[in-house]
Protein chains: 2
Amino acid sequence: MADPAPPTPASTDAAPGSAAPAGRSPKPGATAARGPRRRPATTERREEILRAAANTFGAKGYKTGSLADVAEQVGMTHAGVLHHFGSKEQLLIEVLEYRDKEDVRDLEGQKIPSGLELFVHLLRTVRANEQRRGVVQGYTVLTGESVTEGHPAAAWAGNRFSILRGEIVDALRELAGPDVPEPTLSQAASAIIGVMDGLQVQWLLDPDAVHLAEATTFAIEAIVAAAVAGAAAPLPVPPPGAAGQVG
Amino acid sequence: MADPAPPTPASTDAAPGSAAPAGRSPKPGATAARGPRRRPATTERREEILRAAANTFGAKGYKTGSLADVAEQVGMTHAGVLHHFGSKEQLLIEVLEYRDKEDVRDLEGQKIPSGLELFVHLLRTVRANEQRRGVVQGYTVLTGESVTEGHPAAAWAGNRFSILRGEIVDALRELAGPDVPEPTLSQAASAIIGVMDGLQVQWLLDPDAVHLAEATTFAIEAIVAAAVAGAAAPLPVPPPGAAGQVG
DNA sequence: CATCGCTTACTTACCTGTCAGTAAGTCCTT
DNA sequence: AAGGACTTACTGACAGGTAAGTAAGCGATG
């Protein structure tokens, strides 16, 4: 992801829903918009499983992480996990939703940052992420995997990126004058998300060689400055032809 | 990867070799330092397999892609593939080496670009990559997977990043004055690689929403400009404390 | 006492790696 | 140049694992 702790605005709630198939959960008229009548202890148990699954999928990826692995962490068998979630794919989807909801909850009260504040928030998050390797790894692995054919997390990932881009564009528009063209803001927005994600990968592979927070800050400042200025400076743009190398 | 077509300097040759275990190949006193006497047709066959494997691992990832899948593409059984490579892990390693070698071969003659030229080369590559979705996907999937525990591609990925960073730092040093501090160059270098990779992920998930070449160009220009200037502009840097959200 | 939460017990489906065997070379010797 | 001795390139079958999903049962509990 752009970052394990994005603003996840109101829209975050909307997005995952669209990706979540029927499964066995959202049965219409139930207690609190929740599925089948559920004992209070059960909800807690389900959340334990979700946290364990986030853990496993984060460490090993969705395909490689097994239900048995998840089950073991909460002291039950893999069939028990299946009892709660119906299928592995449904479990993944609920893990994703759960995290999104948690993000929203954590931001509760605080209004969604806009303008300059959004970038401050982003950078604060990056700094926090340096202390949460596991979470960062989870997002990295999952988004990487999501670009494979027919991956169940593709919709989630695409959606998240889309929402984040929109927010950053809005924030940039506040900072930049009205004469800065839309495409420029849009390019800057995806670039900002891109650096955040890309730097995380390098940092995970070699934490000593990459200073996550510093490098991210540097890059975001550079990109925001260029966007506000209307465009970046020189560098002769190469022609489309003459490709060739690389494997 | 930073990009499917990086300069892959001389050092690229050194790195993968160190990671390659014995397998069944390098039998001491043989024809040409090569492993067991190999029929001419065999070398070609091995390369077919390597290309097929690059294909499979690129599309499905290393863990999920199967030997049977690879074998089918070249019209043999999975046992036949194992006959040539000994193990799945060894196959992956040779795929990685093969691609690196191909990159080097394609750059042959052309000296490794330095200074401004390096960035021009990078941008030209990005443009070429827009036409090679499969290759880009392969790098994205593999690097994403590589951050999982004990992944066989971790060494390769880390090495590649490290080499690329070094080259970019060198190029930046040529452009920037001697008064620009090393850490700034280093941060800019990892940030440049980061945007390239991060934008590729977004582009793969939603090619219409992200203009790969344009956004990359914009970001690299912004970052290079900031690095050459010695540092980027404002943006109040947030304090390390007060974290919280995110899932 | 019916439903919930979960286990046990399987089934089905792969997947990697091993092995024996075979057909087609390659090389050496006479 | 023909024969044997050996190698290479595979195939088919299978051992040994692991994984997801299903079905039936059983004890707790609301």
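Not measured: the values here are computed from a predicted model. Order of the sequence lines sets the chain letters (A, B, ...), proteins ahead of strands, with each chain counted from 1.
Heavy atoms only, all atoms of each residue included: B:Leu205 and A:Ala157 are closest at CD1-CB, 3.7 Å. Listed here is the closest heavy atom pair of A:Tyr62 and A:Glu145: N-OE1, 2.8 Å. Across A:Gln137 and B:Glu149, no two heavy atoms sit closer than the pair NE2-N, 4.3 Å.
Going from atom CG of A:Leu91 over to atom P of D:dG21 covers 10 Å, rounded to whole Å. Rounded to an integer number of Å, the gap from B:Lys63 NZ to D:dT18 P is 13 Å. At whole-Å resolution of the value, CG in A:Leu67 and P in D:dA19 are 9 Å apart. Distance NZ (B:Lys88) to P (C:dC14): 15 Å, rounded to an integer number of Å. Straight-line distance from the CZ atom of B:Phe85 to the P atom of D:dT8: 16 Å, rounded to whole Å. Taking atom NE2 on B:His78 and atom C1' on D:dC14, their separation rounds to 10 Å, with Å as the unit. With rounding to whole Å, B:Met76 atom CE is found 7 Å from D:dC10 atom C1'. Between B:Tyr62 atom OH and C:dT16 atom C1' there is a gap of 10 Å when expressed in whole angstrom units.
Contact between the side-chain N/O atoms of B:His83 and the OP1/OP2 oxygens of D:dC10 is not found at any separation under 4.0 Å. For A:Arg45 and C:dC6, the shortest distance from a side-chain N or O to OP1 or OP2 is below 4.0 Å. OP1 and OP2 of C:dC6 both lie 4.0 Å or more from every side-chain N or O belonging to A:Thr77. An OP1 or OP2 oxygen of D:dC10 is reached within less than 4.0 angstrom by a side-chain nitrogen or oxygen of B:His84. A close approach under 4.0 Å does not occur between any side-chain nitrogen or oxygen of B:Arg46 and OP1 or OP2 of D:dA9.
In this structure, the side chain to side chain contact (heavy atoms under 4.5 Å, CB included) partners of A:Ser87, at least two apart in sequence or on a different chain, are A:Glu89, A:Gln90.
Residues from residues 49-61 of chain A placing a heavy atom under 4.0 Å of any atom in DNA chain C do not occur.
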- Query: Checking salt bridge (Lys or Arg N to Asp or Glu O under 4.0 Å) for the pair A:Glu48/A:Arg45: CA distance, chi angles, key distance, verdict?
  - Reply: CA-CA 5 Å; A:Glu48 270 180 64; A:Arg45 204 87 172 96; 3.2 Å; yes

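Relative to the six-membered ring of B:Phe85, B:Arg46 meets both conditions, a distance below 6.0 Å and an angle of at most 45° to the axis.
Using a 4.0 Å cut-off between charged side-chain N and carboxylate O, B:Glu102 and B:Arg99 make no salt bridge.
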